[in-house]
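Note: hydrogens, waters and symmetry copies are ignored here, and every other heavy atom, side chains too, is used. Start at 1 with the first residue, then count along the sequence.
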Amino acid sequence: MTELWDIILSPYGLALYVGFWVLKLMFGGWVIGKMIAFLPVKARRKTQVTLARLGLRGRNRAA
């Protein structure tokens, strides 16, 4: 079990962990963007305004 912790806590293990989370967040953002495109116009506008208010999406960004 100690070999596992040695790998996880090594610089390469930490870099892989950070890379995993970066990719996961980017993919999640891409999925949310694709899902917004399928919403009706009113719901899409409301969702975009809400995401912009939360700082997760630019106000002037076209969907």
Side-chain angles (χ1 to χ4, degrees):
M1 189 68 174
T2 60
E3 294 87 12
L4 177 66
W5 286 110
D6 290 340
I7 293 170
I8 291 173
L9 296 176
S10 72
Y12 296 116
L14 293 174
L16 286 172
Y17 182 73
V18 169
F20 164 76
W21 279 101
V22 168
L23 287 174
K24 184 176 179 177
L25 291 172
M26 287 175 55
F27 181 71
W30 178 79
V31 168
I32 289 172
K34 293 297 179 185
M35 296 300 286
I36 288 173
F38 288 111
L39 291 174
V41 175
K42 279 187 169 183
R44 185 181 315 152
R45 286 184 190 147
K46 184 176 180 180
T47 304
Q48 288 173 343
V49 167
T50 303
L51 289 174
R53 188 168 24 102
L54 294 172
L56 300 175
R57 189 174 178 100
R59 288 188 188 275
N60 295 328
R61 186 173 173 186

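Hydrophobic clustering of Ile, Leu, Val, Met, Phe, Trp and Tyr side chains at less than 4.5 Å, counting indirect connections, unites Trp30 with Met35. Under a hydrophobic clustering in which Ile, Leu, Val, Met, Phe, Trp and Tyr are joined whenever their side-chain heavy atoms come within less than 4.5 Å, directly or via other members, Ile32 and Met26 fall into different clusters.
Atom OG1 of Thr2 sits about 11.5 Å away from atom CG of Leu9, to the nearest 0.5 Å.
Put simply, the residue from Ile7, Asp6, Ile8 that forms a side chain to side chain contact (heavy atoms under 4.5 Å, CB included) with Leu4 is Ile8.
Taking every heavy atom of both residues into account, Ile36 and Leu51 meet most closely at CD1-CD1, 3.5 Å.
The number of heavy-atom neighbours closer than 6.0 Å to CZ of Phe27, taken from other residues, nucleotides and ligands shown, is 12 or below.
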